[in-house]
Amino acid sequence: MIGKFLEQFCRGLRVVIALLTMALAIPVAAQVLARYTGVIPVYLWTEELATFIFVWVVMIGSMIAVWDGTHFAVLVLPDATSPLGTLIQNGFVLVLLIAFGIMFAWYGVAYAKFGALQHSVMMNANMFVTHVSVPIAGAVWAIFASYRLTQVIANFRNARSAAV
Amino acid sequence: EVTLRGASMFDEEHAYTKTLREFERLVSESYDGDIEFEMHLNGELGDESDFVTFLQQGVAVDYAVMAPANMAVFSPSIPLMDMPFLFRDLEHWNAVLSSDVLSPLEDELYEKADIKVIGYAGGGTRNLVSDGAIANMDDLSGHKMRVMGAPIQAKIFSALGAAPSAIAYNEVYNAIQTGVIAGFENEAASIQNLKFYEVAPNVTLTKHTITVRPVVMSGKTFRKLPEDLQQVVLDAGAKAGAFGRDLESREDGEKLQQMIDAGQITVSEFEGRDQMLEIVQPVQDAYAAELGANELLAAIRSK
Amino acid sequence: MIVSTGMACAVLVGCFLLLVMLRVPVAFALGLATVPVVVLDLRLTPFILLDRMFQSYNSFILLAVPFFLLAANLMNSGKITDKLINLARVLTGWMPGGLGHVNVMVSMLFAGISGSSTADAAGCGKILIPAMKREGFDLRFAVAITACSSVMGVIIPPSILMVVWGGVMQISVGGLFLAGAIPGLMIGGALLATVYGYAKVYGYPISDRPTLASFWTALRGAILALLTPVFVVGGIIGGIVTPTESAIIAAFYSMILGLFVYRTVSFRQLGEIFYDTGRFASISLFAIGTATAFGWLLAFYKVPTLIVGWMTMLDAGPFGTGLVIALLFLLFGLFIDAIPTIIILGTVLMPVAASAGIHPVTFAIIGIISLAFGLVTPPYGLCLLISAAIGEINVVKVLRDVVIILFPMLIILLLVILFPELALWLPRKLMPGAV
Ligand code: NA
Ligand code: NA
């Protein structure tokens with residue numbers, strides 16, 4: 001149930017990141033066009049808009065990668081062989097991700113408030129719109145990693161009962 | 001015992017670093033208690049827009065010299081203090097900065113960004129820097145140039161007929177070299193330090209801006225200081241600022257001359273600077289009106 | 001408390017290595033390692049960490065990363081990579097160790113079109129690693145040669161790393177692009193020689209015996225794609241776009257090829273490609289954020305200043321200094337992504353290089369080649385990780401072959417340090433104003 005919901009939520013994130021990546025090209029192309037054709041009035045907002053979108057692409061991408069487990073890790077030590085070993089090996093990483101996510105969300109709230117005090121120079125946009133990605137990212141990592149932790153624990157239980 | 005941390009984007013030789021060193025010297029000299037200073041140079045901790053965050057939070061950096069444009073995210077009126085063509089000449093500029101005319105801007109900054117202005121450095125004169133020569137209004141018309149990231153900058157240069165362009169500062173060198181833009185505007189020290197003369201050897205003396213660089217302290221840091229030290233800091237900030245102004249305005253001319261002597265730049269006068277002033281004034285008025293700062297602008301002009 | 005420099009260094013590096021060993025993703029390991037320091041030190045808070053991370057994304061230059069990646073992904077999805085592989089087959093498939101040479105050759109071609117090594121490892125590896133396995137190559141060799149040859153992607157122009165380097169250190173990106181060409185081709189030559197040696201020792205098979213007709217077909221198929229560097233490098237040298245914007249030209253051109261010329265990409269697929277680009281770019285960009293925070297802490301404790309002081313004291317002359325610079329970049333490359341290393345270490349070493357009489361362009365090429373090698377050196381070598389993932393093999397098992405293949409490449413790096421003209425000759429010829 002919760003798993004289904006989170007999967008749907010992550011699918012939404014995938015759509016959003018695809019659209020944002022596409023949107024990223026627009027301000028930069030507009031910048032080149034404006035310089036050569038004067039079609040678009042030369043206000044200097046293109047660079048600002050591009051970096052706004054960029055920040056969200058990075059943050060959403062980091063959330064998706066926690067769900068998929070595709071952040072790059074280094075497999076120097078061998079895979080654990082016992083169910084308990086696997087639980088410890090995978091569980092340890094996820095607990096740390098949860099902790100980092102919670103820290104990010106906690107201080108991220110202050111960071112978003114800090115962003116709300118600021119207005120971008122070109123578009124006069126409240127910087128809350130980008131800074132809020134920080135606590136959201138932290139919260140989503142923590143939630144995604146927590147769900148994956150429950151799965152790791154369930155796998156451990158299944159493996160142990162299969163052994164008995 | 002108190003330890004205060006400063007930050008500069010430059011090395012010991014730069015006027016801003018020397019201004020901060022003078023500030024440190026003056027405070028140590030006139031304060032009886034134990035006080036230590038620690039300075040991060042060469043942009044180790046980031047650039048000035050990063051310092052704004054540190055100062056606002058009262059973390060990692062306690063004092064710095066800042067370009068007003070970098071604080072505009074908190075306090076939109078602050079770029080007014082060094083908008084183009086604001087000062088008639090160095091004398092006018094010095095008179096304004098030695099007075100308390102700018103205190104409304106200081107109050108706004110303190111309230112909105114929790115950053116306290118304790119003095120004013122600056123004194124670089126910004127000129128047009130370009131690949132080809134720009135002698136008059138005709139040459140300026142349609143001139144593709146990079147301007148700083150505050151709307152007032154783009155507005156003023158648009159009004160003068162130039163075509164301001166969106167280029168990140170660290171892409172300027174490459175953009176001029178390849179002809180994406182034909183030039184930008186800056187002061188002698190930057191042209192020399194970042195070797196912009198390699199790609200843009202023509203300097204036209206429009207003298208459109210005399211820079212104002214507030215010496216600032218984090219509000220959070222300032223309020224934590226003992227009261228007697230607060231007063232020492234304010235006095236030292238004002239004096240160090242004056243020291244910095246004198247130093248930089250002197251060095252600015254010297255640096256220009258060094259580059260001329262080294263054959264790195266060709267300097268020429270701009271024909272029709274008075275015409276520029278006429279065109280620009282309504283733009284300045286409209287901008288001040290937008291910020292509700294008409295009185296302030298009038299006060300600065302009348303100094 | 002006030003944390004001392006020594007202690008901060010020990011905690012940062014120690015925690016990072018420990019966490020990485022325990023399989024914490026590298027990006028998070030970098031972030032987590034900074035936590036004890038910011039918590040312990042009175043002068044710092046986690047807020048600053050977040051801010052350093054966040055602000056590192058606030059850079060226009062970094063936009064080159066997703067755009068070059070987009071171009072490369074369009075090439076991979078649009079079967080343009082296949083056309084390049086066909087061309088590489090007729091060019092080098094007839095030699096002993098056929099597909100091995102093809103693997104190197106296609107990376108050289110791919111490098112000339114894309115600015116990204118990781119996309120090369122992913123795109124070419126997906127096709128060539130299984131193919132090599134089928135033809136009887138050792139899987140470990142297949143993975144290692146895929147990873148090692150992909151590093152040419154950032155050395156042969158265009159290059160994401162050169163865009164960033166030129167922007168951060170005020171050097172002509174066009175000049176850097178040209179300077180990378182000859183060392184890049186030499187590395188390609190060294191790799192081809194290595195494959196030949198392997199083929200002789202292990203008796204690896206020949207892949208194709210091309211006819212003139214098959215050569216023409218292959219060349220016709222690839223020729224339009226091979227024009228990309230002309231547009232990208234030409235766009236920059238010709239002053240039409242800034243280096244960052246040039247990445248978008250590469251992407252648009254690949255899109256037009258895929259959508260309208262080769263018609264190998266459908267509009268529906270396009271969504272998939274944008275998704276893949278955004279997802280993959282953000283994984284490496286995210287690591288840039290935590291690495292930047294990590295690097296900022298090192299700077300806060302004045303570690304870079306110590307390094308510079310130490311190096312200036314050594315006073316080792318251009319060759320010795322060049323060697324130490326390369327070693328430092330190689331060392332950083334073991335643990336951190338290339339872009340944050342440029343930002344943290346490159347700016348610090350720039351004055352050191354200048355005072356030793358090393359030309360800024362040579363310095364850049366030494367740094368970029370060393371960083372490129374970092375793409376295949378564990379624990380943090382993205383190209384190696386990607387190739388190993390495609391081959392479904394543990395990274396540790398391919399290390400021996402990586403070391404063997406890297407050795408001749410290191411000799412090329414040494415040659416560039418010894419003979420700076422290798423890098424400087426071409427830009428001096430074609431862009432005399434830039435160097
Ligand atoms: Na390339
Ligand atoms: Na390859």
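We name chains A, B, ... by the order of the sequence lines, and we start the count at 1 in each one.
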Engineer: Name the orientation class of the two ring planes belonging to A:Phe104 and A:Phe100 (parallel below 30°, tilted from 30 to 60°, perpendicular beyond 60°).
Structural biologist: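 Correct class here is tilted.
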Engineer: Side chain, backbone, both or neither: which part of C:Leu285 has a non-hydrogen atom closer than 4.5 Å to chain A?
Structural biologist: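 Contact with chain A involves both backbone and side-chain atoms of C:Leu285.
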Engineer: Heavy atoms only: give me the nearest A:Met127-A:Ser120 pair and the separation to one decimal.
Structural biologist: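 A:Met127 and A:Ser120 have their closest heavy atoms at SD-CB, 3.7 Å.
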Engineer: Looking at A:Val129 and A:Trp56, what are the two nearest heavy atoms and their distance?
Structural biologist: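 Scanning both residues, the minimum pair turns out to be O-NE1, 2.8 Å.
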Engineer: Given a strict heavy-atom distance threshold of 4.5 Å, which part of C:Asp51 is in contact with chain A: side chain, backbone, both, or neither?
Structural biologist: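 Looking at C:Asp51, backbone and side chain both touch chain A.
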Engineer: Would you sort out whether C:Leu384 and C:Val398 count as a side-chain contact (heavy atoms from CB on, under 4.5 Å), showing the intermediate values?
Structural biologist: CA-CA 9 Å; C:Leu384 183 63; C:Val398 296; 3.8 Å; yes
Engineer: Heavy-atom distances under 4.5 Å only: say whether A:Val66 touches chain C with side chain, backbone, both or neither.
Structural biologist: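 For A:Val66, side-chain heavy atoms alone lie under 4.5 Å from chain C.
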Engineer: Using 0.5 Å steps for rounding, measure from the NZ atom of C:Lys126 to the CG atom of C:Asn76.
Structural biologist: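 It is 6.5 Å, given to the nearest 0.5 Å.
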Engineer: Measure distances from A:Phe92 to the heavy atoms of chain C and classify the residue's part below 4.5 Å as side chain, backbone, both or neither.
Structural biologist: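 Answer is side chain: those atoms of A:Phe92 sit under 4.5 Å from chain C.
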Engineer: List the atom of C:Ala27, the atom of C:Phe286, and the distance in Å for their closest heavy-atom pair.
Structural biologist: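 Residues C:Ala27 and C:Phe286, closest heavy atoms: CB-CD2, 3.7 Å.
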Engineer: What part of A:Phe114 is in contact with chain C, defined as an atom under 4.5 angstrom from a non-hydrogen atom: side chain, backbone, both or neither?
Structural biologist: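 Interface part for A:Phe114: side chain.
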Engineer: Atom CD of residue position C:Glu392 - does it have more than 12 heavy atoms of other residues, nucleotides or ligands inside 6.0 Å?
Structural biologist: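 Incorrect, the count does not exceed 12.
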Engineer: Give me the atom names and distance for the closest heavy-atom approach of C:Ser254 to C:Met75.
Structural biologist: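 That would be OG-CG, 4.1 Å.
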Engineer: Using non-hydrogen atoms only, which part of C:Leu382 is less than 4.5 Å away from chain A: side chain, backbone, both, or neither?
Structural biologist: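 For C:Leu382, side-chain heavy atoms alone lie under 4.5 Å from chain A.
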Engineer: For the atom pair CD (C:Gln269) and CG (C:Asp276), what is the distance rounded to the nearest 0.5 Å?
Structural biologist: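 Rounded to the nearest 0.5 Å, the CD-CG separation comes out at 10.5 Å.
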Engineer: Looking at CG of C:Leu50 and OH of A:Tyr111, how far apart are the two atoms once the value is rounded to the nearest 0.5 Å?
Structural biologist: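 Going from CG on C:Leu50 over to OH on A:Tyr111, the span is 7.0 Å.
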Engineer: Under 6.0 Å from the CZ atom of C:Phe47, do we count more than 12 heavy atoms belonging to anything else shown?
Structural biologist: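 More than 12 heavy atoms, drawn from other residues, nucleotides or ligands, come within 6.0 Å of this atom.
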Engineer: Which atoms of A:Ile64 come close to chain C, meaning under 4.5 Å heavy atom to heavy atom: side chain ones, backbone ones, both, or neither?
Structural biologist: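 Interface part for A:Ile64: side chain.
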Engineer: So how far is it from C:Met53 CE to C:Thr34 OG1, rounded to the nearest 0.5 Å?
Structural biologist: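 Result: 9.0 Å between the selected atoms.
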Engineer: Which atoms of C:Phe67 come close to chain A, meaning under 4.5 Å heavy atom to heavy atom: side chain ones, backbone ones, both, or neither?
Structural biologist: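 Side chain only.
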Engineer: Please round to the nearest 0.5 Å and tell me the distance separating atom CG of A:Leu84 and atom OG1 of A:Thr81.
Structural biologist: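 Nearest 0.5 Å value for the CG-OG1 distance: 10.5 Å.
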Engineer: Taking side chain as everything from C-beta outward and backbone as N, CA, C, O, which of these in C:Leu62 sits under 4.5 Å from a heavy atom of chain A? Side chain, backbone, both or neither.
Structural biologist: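 For C:Leu62, the contact with chain A is made by backbone and side chain together.
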Engineer: Got a sec: does the CZ of C:Arg140 have more than 12 other heavy atoms crowding it under 6.0 Å?
Structural biologist: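 Result for CZ/C:Arg140: open.
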Engineer: Given the options C:Gly31, C:Gly289, C:Ala29, C:Gly381, which has more heavy-atom pairs under 4.5 Å with chain A than any of the others?
Structural biologist: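 Heavy-atom pair counts peak at C:Gly31.
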Engineer: Please confirm whether the backbone N or O of A:Ala116 pairs with a side-chain atom of A:His131, one donor and one acceptor, at under 3.5 Å?
Structural biologist: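 The answer is no, because no donor-acceptor pair under 3.5 Å joins these two groups.
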Engineer: So, for A:Ile17 and C:Arg279, which heavy atoms are closest and what is the spacing to 0.1 Å?
Structural biologist: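 Distance-wise, the nearest heavy atoms are CD1-N, 3.9 Å.
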Engineer: Pick from A:Leu13, A:Leu19, A:Val57, A:Leu24: which one has the most heavy-atom pairs with chain C under 4.5 Å?
Structural biologist: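 So the answer, after comparing A:Leu13, A:Leu19, A:Val57, A:Leu24, is A:Leu24.
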Engineer: Between C:Ile288 and chain A, which part of the residue has a heavy atom less than 4.5 Å away: side chain, backbone, both or neither?
Structural biologist: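 For C:Ile288, there is no contact with chain A at all, as no heavy atom is under 4.5 Å.
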Engineer: Which bit of C:Leu49 is near chain A, if near means a heavy-atom gap under 4.5 Å: side chain, backbone, both or neither?
Structural biologist: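 Contact with chain A: side chain only.
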Engineer: Under the 3.5 angstrom rule, does the side chain of C:Thr277 hit a backbone N or O of C:Pro66 as a donor-acceptor pair?
Structural biologist: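 No, because the side chain of C:Thr277 does not come within donor-acceptor range (under 3.5 Å) of the backbone of C:Pro66.
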Engineer: Could you tell me which of A:Gln89, A:Met59, A:Arg14, A:Met103 has the largest number of non-hydrogen atom pairs under 4.5 Å with chain C?
Structural biologist: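 Ranked by heavy-atom pairs under 4.5 Å with chain C, first place is A:Arg14.
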Engineer: Could you have a look at C:Val24, C:Leu32, C:Val26, C:Ile248 and say which one has the most heavy-atom pairs with chain A under 4.5 angstrom?
Structural biologist: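 So the answer, after comparing C:Val24, C:Leu32, C:Val26, C:Ile248, is C:Leu32.
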Engineer: Looking only at heavy atoms, which two atoms of C:Gly278 and A:Thr21 are closest? And how far apart?
Structural biologist: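 In terms of heavy atoms, the two residues are closest at CA-OG1, 3.4 Å.
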Engineer: I'd like to know which of A:Thr70, A:Ile60, A:Thr51, A:Val58 tops the heavy-atom pair count under 4.5 Å against chain C.
Structural biologist: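 The residue among A:Thr70, A:Ile60, A:Thr51, A:Val58 with the greatest pair count is A:Val58.
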Engineer: By number, which residues in residues 132-141 of chain A have some heavy atom less than 4.5 Å away from chain C?
Structural biologist: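 Counting heavy atoms that sit under 4.5 Å from chain C, the residues of residues 132-141 of chain A involved are A:Ser133, A:Val134, A:Trp141.
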Engineer: Heavy-atom distances under 4.5 Å only: say whether A:Asp68 touches chain C with side chain, backbone, both or neither.
Structural biologist: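 It is the side chain, since no backbone atom gets that close.
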Engineer: Side chain from CB out, backbone as N, CA, C, O: work out which of these in A:Leu97 comes under 4.5 Å of a heavy atom of chain C, or both, or neither.
Structural biologist: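 When you check distances to chain C, only side chain atoms of A:Leu97 fall under 4.5 Å.
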Engineer: Would you please go through residues 142-156 of chain A and name the residues with a non-hydrogen atom below 4.5 Å from one of chain C, in numerical order?
Structural biologist: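 Within residues 142-156 of chain A, no residue comes under 4.5 Å from chain C.
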